Student: 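Okay, handing you the structure first.
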Amino acid sequence: MSIPNHVAIIMDGNGRWAKQRRLPRYFGHREGVNSLKRIVRYCGDIGIKILTVYAFSTENWNRPAGEVQYLMKLMELTFGVELEELVQNGVKVRVIGDITSVSPKQQQIWRSAEERTKHNDRLFLNVAFNYGGRMEITQAIRGIASDVLEGKFTIDQITEEVVNRYLYTKDLADPDLIIRTGGELRMSNFLLWQSAYSEWYFTETLWPDFDIEEFKKALESFKQRERRFGRVYE
Ligand code: FPP
């Protein structure tokens, strides 16, 4: 298998990209959206089926209010005003994360983005928004416990497949390749359950600078790896 089926990306380094240019941080986020669009188009072109991106974590609310507001505006623009571009490109949007605690206007934008792209199947784009891996697992545990109490199944019947069904990514294959830009070497609460056997690719390149050439390097690195899933191959 040379091309990964599912690629996930931690898009880090927007702030530093702007700082390098003595620009306010939000310029970096704006450029980050352009980078995202470039990668979305390319994934569709080369036949990657699923792309999951970390757009806003449950911890990102702690940023300065102005920056949070700007990120929300960008989200509204990209998945509201400019949605047609995704519709035309055959992209099926799904938000993964807790959107019940964001503004009604934003909930509406996500719902309508999902609704308007639901018949597309060229590229599945999962946007992790107000997402945290531990939170996702916690809400899965709540769901399972509640269904056990209701007698839908017994404790013995809780398998990994059952747990999968309670995650935001329920019907999607796990990521084959996870890319983190911006030089940090950590998972930051991203897809904790789903990444059990994912290959990681870390690069110093800041997200706004992550172009097709950089993406090809990550795909090339993935190609070289031997995925054993805990087994031994002679
Ligand atoms: C990390 O850069 C990036 C984010 C917290 C947000 C990622 C968002 C985008 C790429 C824009 C697309 C998102 C939406 C919602 C449309 P950073 O600010 O942590 O950079 P730094 O580590 O250099 O400070």
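Atoms within each ligand, like the ligands themselves, are counted from 1 in listed order. Because the structure is a prediction, the values reported are computed rather than measured. Note: hydrogens, waters and symmetry copies are ignored here, and every other heavy atom, side chains too, is used.
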Student: For the residue pair M187 and W200, what are the closest heavy atoms and their distance?
Tutor: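 Of all heavy-atom pairs spanning M187 and W200, the closest is CG-CZ2, 3.7 Å.
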Student: Dump the intermediate steps for side chain to side chain contact (heavy atoms under 4.5 Å, CB included) on D174 and S195, then the final yes or no.
Tutor: CA-CA 7 Å; D174 287 338; S195 62; over 6 Å; no
Student: Q69: what forms a side chain to side chain contact (heavy atoms under 4.5 Å, CB included) with it, not counting sequence neighbours?
Tutor: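 Listed in chain order: nothing, the list is empty.
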Student: Does atom CD of E160 have more than 12 heavy-atom neighbours, drawn from other residues, nucleotides or ligands, at distances under 6.0 Å?
Tutor: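 Result for CD/E160: open.
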Student: Taking the six-membered ring of W61 as reference, does the NZ or CZ atom of R63 fall below 6.0 Å from its centre and within a 45° cone about the axis?
Tutor: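 Output no; distance or angle outside limits.
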Student: N or O contacts of ligand 1 with protein under 3.5 Å, please list pair by pair.
Tutor:
unit_1	atom_1	unit_2	atom_2	d
ligand 1	2 (O)	G13	N	3.4
ligand 1	2 (O)	N14	N	3.3
ligand 1	18 (O)	R25	NH2	2.7
ligand 1	18 (O)	R63	NH1	2.8
ligand 1	19 (O)	D12	OD1	3.2
ligand 1	19 (O)	R63	NH2	2.8
ligand 1	20 (O)	G13	N	3.4
ligand 1	20 (O)	N14	N	3.2
ligand 1	20 (O)	G15	N	3.0
ligand 1	22 (O)	D12	OD1	3.0
ligand 1	22 (O)	R16	NE	3.4
ligand 1	22 (O)	R16	NH2	3.0
ligand 1	23 (O)	G15	N	3.3
ligand 1	23 (O)	R16	N	2.7
ligand 1	23 (O)	R16	NE	2.8
ligand 1	24 (O)	R25	NH1	3.0
ligand 1	24 (O)	R25	NH2	3.2

Student: Between E76 and K105, is the closest basic N to carboxylate O distance under 4.0 Å?
Tutor: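 Salt bridge flag = yes for E76 with K105.
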